[in-house]
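Proteins come first, then strands; the chains are lettered A, B, ... in the order of their sequence lines, and each starts at number 1.
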Amino acid sequence: MPIQNADIAEIFSRVANLLEIEGANQFRVRAYRNAARTVGSLPRNAADMVEAEEDLSKLPGIGKDLAGKIAEIVKTGSLDQLEELEERTPAELNELMNISGLGPKRVSALYHELGVTNRKELKAAAEKEKIRDVEGFGKKTEQSILEELSKKEEGEKRVPLMQAEQRAAPLIDYLKNSKGIKKITVAGSYRRCKETVGDLDILVTCKKDSNVMDRFADYEDVEKVVSKGSTRSTVVLKSGLQVDVRVLPQVGYGAGLHYFTGSKAHNIAVRKRGVDRKFKINEYGVFKGKERVAGKTEEEVYEKVGLPYIEPELREDRGEIEAAEKDSLPNLVRQKDIRGDLHAHTKATDGQASLEEMAKAAKKLGYDYLAVTDHSKKVTMAKGLNESRLADQIEEIDRLNEKLDDFRVLKGIEVDILEDGSLDLPDDILKELDVRVCSVHYSQNLSRKKQTKRVLKAMENPYFNILGHPTGRIIGQREPYEIDLEEIMKQARENGCFLELNAEPDRLDLTDTHCKMAKEIGVKLAISTDAHSTASLEFMRFGIGQARRGWLEADDVLNTRSLGDLMKLLKRA
DNA sequence: GCCGTTTTCGGCCCGACTGTTTTCAGTCG
């Protein structure tokens, strides 16, 4: 299998960690971290770019040296430099860096003073009370290391955005009732609509005598108060989610909001522009010397560094600064651009609501159309439809459409793509439909080559419209299946097919970088909820967030089209 | 290691909180 961008990112990240433990120049370390991030979120395969002999040193933060290293990794699958580093410094130390409270200096000290190289040895050293004797450590640090180690070793503690929403809402309501509260906002990756959220950053402006910090620490769902100060406090909730509250002065609210919305990489890039213009930018404002010259709004902050306002979803330092500079930022798709939903289930298969209930709920959301796309027969677990039951549903939809004003239920199916690339229902029934979402549900573990071939074959069918949940991943539960999306997207564009951005919060399939890839290739996406109930039609907002993170504009999205235009686009050939 | 309407060398974002100190290093975001 060709080297993936994530593999390259992982190697650079390990190099950065080991260099840092060895005490290398911090800016050199940062260069590797930046490279890991840049390559990891590249909308194209770096391996293909190397193959095509493109100049990788044109990428931001990638110079001649790192470009050469990327090529080396692509060609050999490894990096000599990393192997040399690992001969000097145990690779296992990487895992110790993930323990909260341990950074490069402490990991290095533990290794050199006590010979600790992994969690097990660290635990033994802590239990024998050896850590407290190392310079710079003490009893408390030793104790907190033991606490961290006793936690279940979870790789990633990030939670899906929807879960974060559910934790945030009651906490915000509670904090609003503190004394002297003026404004309260959730910033961080939550505001950037990232698919998963590592912690909640809550910003507060309030009067001087507010009790918000005390109240925060007393919140009933708090498991542990990590730190508590007058402007910043951190707790861990019983669910394991970390929450930070920061108190900001009103005059610098925009600067604070900008600062705590991040991303870190975006902030660094903006602050650097500030330095170039002799400004200092921090969470309190934009300063010239000691004088605050801006910061009441985010717009002011951008204006001072010579940029137009940049939407939170774009703030990842993935080219948005450069685009802003050239005044070529995308005009991001909005919820109100969406005219309908193209993937929904009913009671006929595994949905919870009737056809009519689903249609009425969609109409209530202001849509013009809803495609009913129940499963096909292969999905027996969900009582998938065979030819005759689908024919019955088609008639039922005709009858319903006669009753509905200004709204159209589209006849559809979520038809399985079988292992040989054929579709699970014959053409003579598929041709009776308005829209066919084609999905892989079985044989997900084929090789990359076979899986890609399977979907490419399916797209040859003239009734193939939209590839449903294109990678099959379920966040935190199921890895995406191996598939060459770049090739699929190019073929989809040629064949007049589309890909779905499944808005279900545990799927969000495609990712933000996939969306950007689709835009660059020129294939349109359908943002669809895959709703199995009337309530889940509202998952559209998560899909919109993801699409915005992928730089999509209304024109890049299939279901921003009027019914008439949509029907034309769905007719292939 | 990267990068350049101040620069091809000398810079590289900024502040809060904690614990171990006795003025600050380390970590985190």
Donor-acceptor check, side chain of Asp214(A) to backbone of Asn211(A), threshold 3.5 angstrom: yes or no?
no
The side chain of Ser227(A) is closest to which nucleotide in this list: dC14(B), dC12(B), dC17(B)?
dC17(B)
Among the candidates dT27(B), dT6(B), dA16(B), find the nucleotide nearest to the side-chain atoms of Pro104(A).
dT27(B)
Suppose you measure atom P in dT20(B) against the same atom in dG15(B); what distance do you get, rounded to whole Å?
26 Å
By the 4.0 Å heavy-atom rule, please label Arg246(A) as base, sugar-phosphate, or nothing.
sugar-phosphate
Please check the phosphate of dG15(B) (OP1 and OP2 only) for any side-chain N or O of Lys280(A) closer than 4.0 Å.
yes
N or O in side chain of Thr141(A) less than 4.0 angstrom from dT18(B) OP1/OP2:
no
Starting at atom CG of Leu82(A), determine the distance to atom P of dG1(B), rounded to an integer number of angstrom.
14 Å
Flag, side chain of Ser233(A) to backbone of Met213(A), donor-acceptor distance under 3.5 Å
no
With P as the reference atom in both, quote the distance from dG1(B) to dT5(B) in angstrom, rounded to an integer.
23 Å
How many angstroms lie between atom CZ of Arg192(A) and atom OG of Ser263(A), to the nearest 0.5 angstrom?
5.0 Å
Nearest-angstrom distance, C1' atom, dT8(B) to dC2(B):
12 Å
Under 4.0 angstrom, heavy atoms only, what part of the nucleic acid is Ile268(A) near: base, sugar-phosphate, or nothing?
base
Same-atom distance (P) from dC14(B) to dT22(B), integer angstrom
30 Å
Which of dG1(B), dC14(B), dG26(B) is nearest the side chain of Lys105(A)? It is dG26(B)
If dC17(B) has a Watson-Crick or G-U wobble mate with both distances under 3.5 Å, name it; if not, just say none.
dG26(B)
From dG29(B), dG1(B), dT6(B), pick the nucleotide closest to the side chain of Lys278(A)?
dT6(B)
cation_pi(Lys69(A), Phe12(A)) dist<6.0 Å, angle<=45:
no
How many whole angstroms separate atom NZ of Lys64(A) from atom C1' of dT8(B)?
14 Å
Taking 4.0 Å as the cut-off, does a side-chain nitrogen or oxygen of Gln242(A) come that near to OP1 or OP2 on dG29(B)?
yes
Confirm from the modelled atom types if Lys139(A) and dT20(B) form a donor-acceptor pair under 3.5 Å, side chain to base only.
no
How close or far is atom P of dC2(B) from atom NZ of Lys58(A), stated in whole angstroms?
15 Å
With rounding to the closest Å, how many angstrom separate the P atoms on dT6(B) and dC12(B)?
16 Å
When the ring centroid of Tyr219(A) is compared with that of Tyr174(A), is the distance short of 6.0 Å?
yes
Applying a 4.0 Å non-hydrogen cut-off, can you work out what Lys69(A) is touching in the nucleic acid: base, sugar-phosphate, or nothing?
sugar-phosphate
So Ser144(A), base contact, sugar-phosphate only, or nothing? Heavy-atom distance under 4.0 Å.
nothing
Rounded to whole angstrom units, what separation is found between the CD1 atom of Ile131(A) and the P atom of dG26(B)?
17 Å
Salt bridge check: are Glu311(A) and Arg334(A) linked by an N-O gap of less than 4.0 Å?
no
The side chain of Glu283(A) lies closest to which of these nucleotides: dG1(B), dT20(B), dA16(B)?
dA16(B)
Establish, yes or no, whether the cationic atom of Arg292(A) lies under 6.0 Å from the six-membered ring centre of Tyr284(A) and within 45° of the ring axis.
no
Which of dC28(B), dG1(B), dC14(B) is nearest the side chain of Val275(A)? It is dC14(B)
Taking for Arg232(A) and for Asn267(A) the nucleotide of DNA chain B with the nearest heavy atom, the one nearer the 5' end belongs to Asn267(A)
Rounded distance in Å - CG (Asp276(A)) to P (dT7(B))
12 Å
Under 4.0 Å between any heavy atoms, over every strand shown, what does Lys264(A) touch: base, sugar-phosphate, or nothing? Just pick one.
base
For dA16(B), does either OP1 or OP2 sit under 4.0 Å from a side-chain N or O belonging to Tyr284(A)?
yes
Report the glycosidic orientation of dT21(B): syn if within 90° of 0, anti in every other case.
anti
Between Arg106(A) and Ser233(A), the residue closer to the 5' end of DNA chain B by nearest nucleotide is Ser233(A)
NE2 of His266(A) versus C1' of dC14(B): gap in Å, rounded?
15 Å
Tell me: CD1 of Ile321(A) to P of dC3(B), nearest whole Å?
15 Å
With a 4.0 Å limit, can you tell me whether Lys228(A) has a side-chain N or O closer than that to the phosphate oxygens OP1/OP2 of dT18(B)?
no
